[in-house]
Amino acid sequence: MTSERYNAREAEPKWRSIWEEKGLFHTRNDDPRPKYYVLEMFPYPSGRIHMGHVRNYAMGDVVARYKRARGFNVLHPMGWDAFGMPAENAAMANKTHPATWTYANIATMRDQLKSMGLSLDWKREIATCDPAYYRHQQRMFLDFLAAGLIDRKTAKVNWDPVDQTVLANEQVIDGRGWRSGALVEQRELTQWFFKISDHAQDLLDALDGLDRWPEKVRTMQKNWIGRSEGLKVRFALDAATTPAGETDLDIYTTRPDTLFGAKFMALAPDHPLARAAAEKNPALAAFIDECKRMGTALENIEKAEKKGFDTGIRALHPFDPTWTVPVYVANFVLMEYGTGAIFGCPAHDQRDLDFVNAYGLGVQPVVCPEGTNPASFVVTDVAYDGEGRMINSRFLDGMTPAEAREEVAKRLEAEMRGGRLVAERKVNFRLRDWGISRQRYWGCPIPVIHCDACGVVPVPKTDLPVKLPDDVTFDVPGNPLDRHATWKNVPCPHCAAPARRETDTMDTFVDSSWYFARFTDPWNETEPTDPAVVNAWLPVDQYIGGIEHAILHLLYSRFFTRAMHKTGHAGVDEPFAGLFTQGMVVHETYKGPDGAWVSPAEIRIVSEGGERRAQLLSSGAPVEIGSIEKMSKSKRNTVDPDDIIGTYGADTARWFMLSDSPPERDVIWTEEGVQGAARFVQRLWRIVNDVADLPTASAAPSFGPAATAVRKAAHRALISTEADVERLRFNRCVAHVYELANALQSAMATQETACPDDLVAALREATDILLRIVAPMMPHLAEECWAALGRDGLIAETAWPVADRDLVVEDEITLPVQVNGKKRADVTVPRDADQAAIESAVMALDAVRKALEDRPVKKVIVVPQRIVNVVG
RNA sequence: GCCGGUGUAACCCAAUGGCAGAGGUAGGCGACUUAAAAUCGCUUCAGUGUGGGUUCGAGUCCCACCACCGGCACCA
């Protein structure tokens with residue numbers, strides 16, 4: 001019976017249907033046990049799951065099954081991030097409706113996920129494209145609008161000419177649309193914005209409390225929010241040089257200490273003063289036009305030369321009205337940041353230095369490095385941005401830059417000119433408001449109506465949801481909603497006059513900003529959330545997903561949760577108490593004789609003289625083995641989870657995804673690796689059957705040395721696994737399983753005659769523990785083995801075993817003995833031996849005396865349970 | 001340019017400041033086999049990217065540098 005191989009293809013579906021029949025993974029909100037919410041980022045239903053999903057969901061399932069065994073009421077749901085552009089692209093390409101395409105994909109991917117044996121509560125499944133979901137999103141939009149969390153404003157937006165939609169700043173990567181890769185243009189449009197920038201300080205401060213988030217993600221968010229402290233300074237303009245109506249220029253600076261090094265002012269090309277000056281200056285107007293073209297068309301901004309144009313306007317130095325500074329328009333000044341205008345101090349800012357060197361405006365150092373002679377300190381090509389003492393700065397001379405900053409701020413913020421303060425301290429953020437308007441069909445409609453008489457009118461809550469119309473066409477670019485007359489034209493809810501629906505839909509990142517809250521009560525028809533329920537479940541205890549969402553999704557969700565808190569839809573600000581970002585699944589790439597990418601399924605690897613070569617299966621033609629890259633359709637280096645699960649079973653795929661590489665790092669998918677995992681599945685099956693075949697033992701009165709060793713190995717593995725699952729160190733959990741399996745196997749192999757009773761009992765106990773450690777990782781195999789051992793019930797509903805911590809403590813310990821840091825001997829002492837006893841035992845060792853070479857002993861360091869070091 | 005991460009055996013990786021090896025892969029030898037695969041047993045292999053420092057003791061902490069990966073980047 002042990003000669004039979006474990007047949008995953010038969011066993012896995014069997015156990016899955018038993019779990020399902022018993023409803024093992026359905027979570028009740030009224031369960032009194034302590035809660036644990038584990039969530040993996042929900043997938044976009046693109047068509048089929050990929051290996052990245054397998055890795056992500058395998059990890060989450062280990063945590064879910066482990067926490068369940070430990071007695072927690074575990075919430076582990078799954079859903080679909082189902083709105084978005086690809087559905088519309090597919091609709092255009094295949095003449096199918098986006099909903100048809102999306103729901104077909106969901107059906108496929110749901111089956112695939114189910115074949116992985118994930119312990120998910122499928123009763124809570126949600127799809128964001130379902131009106132039953134997005135009606136609540138519309139409701140919250142109206143609540144946010146009423147609470148002042150939403151703005152409608154004209155703004156320069158990033159326009160993707162290929163997708164014909166607006167993109168958020170976060171969605172523009174290197175000047176290109178994140179999805180289409182098209183060069184992004186700037187357009188002025190009226191858009192809806194979530195006022196995330198009002199929360200910049202709070203979103204920044206609260207990062208410090210997220211101690212179970214990766215440092216890396218917190219740093220990325222910090223940089224993205226981009227806080228800077230500075231001074232807004234108002235420069236007076238020389239009336240003789242200034243267009244009528246303009247008297248002052250506001251600039252923002254973080255270095256007011258360098259004001260006496262000012263050599264020029266610079267305006268953003270679209271600054272109002274620049275536009276005013278351009279009205280009577282065609283050459284300036286032409287320069288501004290050129291900047292705008294460069295700004296949008298240039299993909300590599302850093303390569304752009306610093307260019308400027310003298311407006312002829314002269315500004316007066318705030319500390320010396322006789323000192324005039326030329327005002328330029330410059331291509332490197334951004335209208336969106338600060339005030340859209342700067343003063344340039346070339347000596348201490350590299351960018352300003354490059355600028356003056358191009359226009360011959362001169363350099364005046366005002367900060368002198370400590371230990372350098374101020375008389376001879378000059379700046380030519382490299383700006384000095386370090387510490388030192390102020391020079392050439394009148395009343396600031398001798399101060400540190402920090403003291404000078406404070407002094408300048410103090411003087412200028414006390415000064416009035418024309419009835420207004422000359423300067424004020426100001427905190428600036430890089431973070432801009434979140435533009436959510438998208439000119440797309442397949443998204444959540446923004447529930448407002450535009451009336452010529454009443455303006456923007458919210459759709460009454462009783463009229464929600466604003467459903468997407470089904471009868472739409474995609475034969476022309478642009479938004480089908482905008483040309484859908486019967487959907488678009490509606491009476492105004494206020495005055496009943498003819499009015500128009502908002503035809504923009506919401507950014508799909510809105511959909512994913514609260515799905516974790518909806519999972520707590522997905523059946524609620526009247527409210528997005530039930531306060532009592534959502535407050536009991538949130539925050540998510542462990543969130544797992546890809547690092548690519550470190551900024552967008554995670555920052556938006558943090559903002560949205562705050563907005564839900566303010567409007568009574570949630571009781572917390574932070575949605576995710578613990579975050580884990582897993583690495584990617586990568587694979588070798590292959591290029592065929594014609595230079596085209598070849599998929600791993602089409603090749604065979606042969607070893608010749610220790611060298612790996614690849615050849616085409618079809619023709620035997622040589623294939624070039626390329627670099628290891630993230631699995632992608634374009635490089636064709638993907639492996640289909642269905643193929644792996646079909647060939648080896650889900651447990652093998654899960655096991656391999658958890659092995660070897662630490663979970664936060666990339667894992668290389670290799671055929672050898674999968675086969676190694678598959679071999680271990682069979683080996684575990686054999687070990688368990690060997691144990692099952694042992695004759696039934698009568699109760700063992702006591703355990704001999706061999707039996708005790710087996711028991712110790714089991715309890716050690718149990719203790720280590722507990723610690724490592726908690727820390728999500730799955731590669732180590734895998735190692736503990738191997739270690740224990742090795743221990744069991746060798747304990748049985750060394751037994752030449754029939755197993756004594758005590759060893760049989762120990763082996764059975766150890767095998768029980770082994771299976772319970774394995775169960776979260778390979779749940780089907782664990783069930784099959786559990787049954788083979790004749791154990792009652794399902795391992796999936798068996799409590800986690802209690803580790804015997806006293807057992808693993810040794811009575812005698814062997815300590816390494818170092819002399820002057822080098823190991824010279826071992827000493828074996830009772831576990832509770834005191835320092836003096838250990839010292840005398842060590843000094844009695846010949847090897848120690850020899851190593852000391854008659855030198856006197858200066859010190860003996862005894863590290864309890866660890867090591868002894870003799871210093872002589 | 002700025003910020004962060006990583007660097008240990010042929011490869012993937014372990015190691016609360018305490019004997020560099022838990023585990024896997026690959027390799028070698030042997031057993032089983034007509035043979036191969038599978039299986040079982042035995043086994044080879046590094047002083048931790050480089051250079052300093054702290055310490056009784058450093059893969060681990062500190063400093064500098066190198067390489068690779070990631071994020072941000074005319075942000076005033």
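Numbered from 1 within each chain, the chains take letters A, B, ... in sequence-line order.
The interatomic distance linking Tyr648(A) (OH) with A38(B) (C1') rounds to 14 Å, in whole Å. In this structure, Ile668(A) atom CD1 and A10(B) atom C1' are separated by 14 Å, rounded to whole Å. Distance Ile547(A) CD1 to C72(B) P: 11 Å, rounded to the nearest Å. Between Gln221(A) atom CD and G4(B) atom P there is a gap of 17 Å when expressed in whole angstrom units. The distance between atom CG of Leu658(A) and atom C1' of G24(B), rounded to the nearest whole Å, is 14 Å. When rounded to the nearest whole Å, the span between CD of Glu548(A) and C1' of C69(B) equals 15 Å. For the pair Asp349(A) CG and A73(B) C1', the computed distance is 13 Å after rounding to whole Å. Atom CG in Leu334(A) sits about 11 Å away from atom C1' in A73(B), given to the nearest Å.
Between the side chain of Arg558(A) and the main chain of Leu203(A), a donor-acceptor pair closer than 3.5 Å is present. Judged by distance alone, with hydrogens and angles left aside, the side-chain atoms of Gln350(A) form a donor-acceptor pair with the main-chain N or O of Ala383(A) at under 3.5 Å.
Ion pairing between a basic and an acidic side chain is recognised when a charged N comes within 4.0 Å of a carboxylate O; Arg849(A) and Asp846(A) show such pairing.
Separating the C1' atom of G5(B) from that of G49(B) is a span of 15 Å, rounded to the nearest Å. Here the separation of C75(B) from A64(B), taken at their P atoms, is 24 Å to the nearest Å. Comparing the C1' positions of C19(B) and G28(B) gives an interatomic distance of 28 Å, to the nearest angstrom. Rounded to the nearest Å, the gap between the C1' atom of U54(B) and that of A14(B) is 26 Å. Here the separation of U44(B) from A26(B), taken at their C1' atoms, is 12 Å to the nearest Å. Separation of the C1' atoms belonging to A58(B) and G52(B) is 13 Å when rounded to the nearest angstrom. The C1' atoms of G21(B) and U8(B) are separated by 10 Å, rounded to the nearest whole Å. Straight-line distance between the P atoms of A10(B) and U6(B): roughly 23 Å, to the nearest whole Å.
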List, with names and distances, any nitrogen or oxygen atoms from the protein found under 3.5 Å away from nitrogen or oxygen atoms belonging to nucleotides 41-44 of chain B.
none

Filtered N/O pairs between nucleotides 16-22 of chain B and protein, under 3.5 Å:
residue : atom : partner   : partner atom : Å
U16(B)  : O4   : Arg866(A) : NE           : 3.0
G18(B)  : N2   : Gln818(A) : OE1          : 3.4
G18(B)  : N2   : Asn869(A) : ND2          : 3.4
C19(B)  : O2   : Lys823(A) : NZ           : 2.5
A22(B)  : O2'  : Glu739(A) : OE1          : 2.6
A22(B)  : O2'  : Glu739(A) : OE2          : 3.1

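Each of G24(B), A76(B), C3(B) was ranked by its minimum atom distance to the side chain of Asp660(A); first place goes to G24(B). Counting only heavy atoms from C-beta on, Lys216(A) has its side chain closest to G70(B) among C72(B), A76(B), G70(B).
Evaluation of the side chain to side chain contact (heavy atoms under 4.5 Å, CB included) rule for Ala315(A) yields Phe235(A), Leu237(A), Met265(A), Val327(A) as partners, not counting sequence neighbours.
The residue Tyr252(A) sits close to a base: some heavy atom pair falls under 4.0 Å. When heavy atoms are screened at a 4.0 angstrom cut-off, Arg218(A) is found touching no nucleic acid atom at all. Nucleic acid contact for Val333(A): base, since at least one base atom lies under 4.0 Å from a heavy atom of the residue. Ser661(A) comes within contact range of the sugar-phosphate backbone alone, with a heavy-atom separation under 4.0 Å but no base atom that close. Residue-level contact check: Asn428(A) touches neither bases nor backbone, having no heavy atom under 4.0 Å from any strand.
Place Lys859(A) and Arg679(A) on RNA chain B by their nearest nucleotides, and Arg679(A) ends up nearer the 5' end. Mapping Ser228(A) and Met220(A) onto RNA chain B by nearest heavy atom places Met220(A) at the nucleotide closer to the 5' end.
Within the shown strands, nothing qualifies as a pairing partner of G47(B) under the Watson-Crick or G-U definition with both distances less than 3.5 Å. Across all strands shown, A67(B) forms a Watson-Crick or G-U wobble pair with U6(B), both key distances being under 3.5 Å. Across the strands present, G41(B) finds its partner in C29(B); the criterion is a Watson-Crick or G-U wobble pair with both atom distances under 3.5 angstrom. Look at C75(B): it lacks any Watson-Crick or wobble partner with both distances under 3.5 angstrom. Under the Watson-Crick and G-U wobble criteria, each requiring two contacts below 3.5 Å, nucleotide C56(B) is paired to G18(B).
Base orientation at G47(B) is syn, since its O4'-C1' glycosidic dihedral falls within 90° of 0.
Remark: Asp349(A) CG to Thr258(A) OG1 distance equals 8.0 Å, nearest 0.5 Å. Distance check: Leu658(A) CG to Arg55(A) CZ gives 8.5 Å after rounding to the nearest 0.5 Å.
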For Glu406(A) and Arg425(A), what are the C-alpha separation, side-chain angles and deciding distance, and is it a salt bridge (Lys or Arg N to Asp or Glu O under 4.0 Å)? CA-CA 10 Å; Glu406(A) 184 57 33; Arg425(A) 292 171 209 250; 3.0 Å; yes
What's the verdict on salt bridge (Lys or Arg N to Asp or Glu O under 4.0 Å) for Lys307(A) and Glu290(A), showing C-alpha distance, side-chain angles and the deciding distance? CA-CA 10 Å; Lys307(A) 281 192 182 167; Glu290(A) 190 197 337; 3.5 Å; yes
Verify ring pair (Phe, Tyr, Trp, His ring centres under 6.0 Å) between Tyr648(A) and Phe656(A), making sure each step is shown before the conclusion. CA-CA 11 Å; Tyr648(A) 300 100; Phe656(A) 178 50; 9.7 Å; no
Apply ring pair (Phe, Tyr, Trp, His ring centres under 6.0 Å) to the pair Phe264(A) and Tyr359(A), showing each step before the final yes or no. CA-CA 10 Å; Phe264(A) 67 96; Tyr359(A) 292 93; 8.8 Å; no
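Applying the 4.0 Å criterion to OP1 and OP2 of A76(B), one finds that Tyr337(A) has a side-chain N or O inside that range. For the OP1/OP2 pair of G5(B) and a distance below 4.0 Å, the side-chain nitrogens and oxygens of Arg665(A) include no atom meeting the criterion. OP1 or OP2 of C2(B) has not a single side-chain nitrogen or oxygen of Arg351(A) nearer than 4.0 Å. Residue Arg683(A) places at least one side-chain N or O closer than 4.0 Å to OP1 or OP2 of C40(B). Phosphate contact (OP1/OP2 of A15(B), side-chain N/O of Arg729(A), threshold under 4.0 Å): present.
Of all non-hydrogen atoms in Val817(A) and Asp826(A), the two that sit nearest each other are CG2-C, 4.1 Å. Taking all atoms of both residues into account, the shortest heavy-atom contact from Ser661(A) to Asn731(A) is O-CB, 3.7 Å.
Within 6.0 Å of atom CD in Glu229(A), 12 or fewer heavy atoms from other residues, nucleotides or ligands are found, so the atom counts as exposed in its surroundings.
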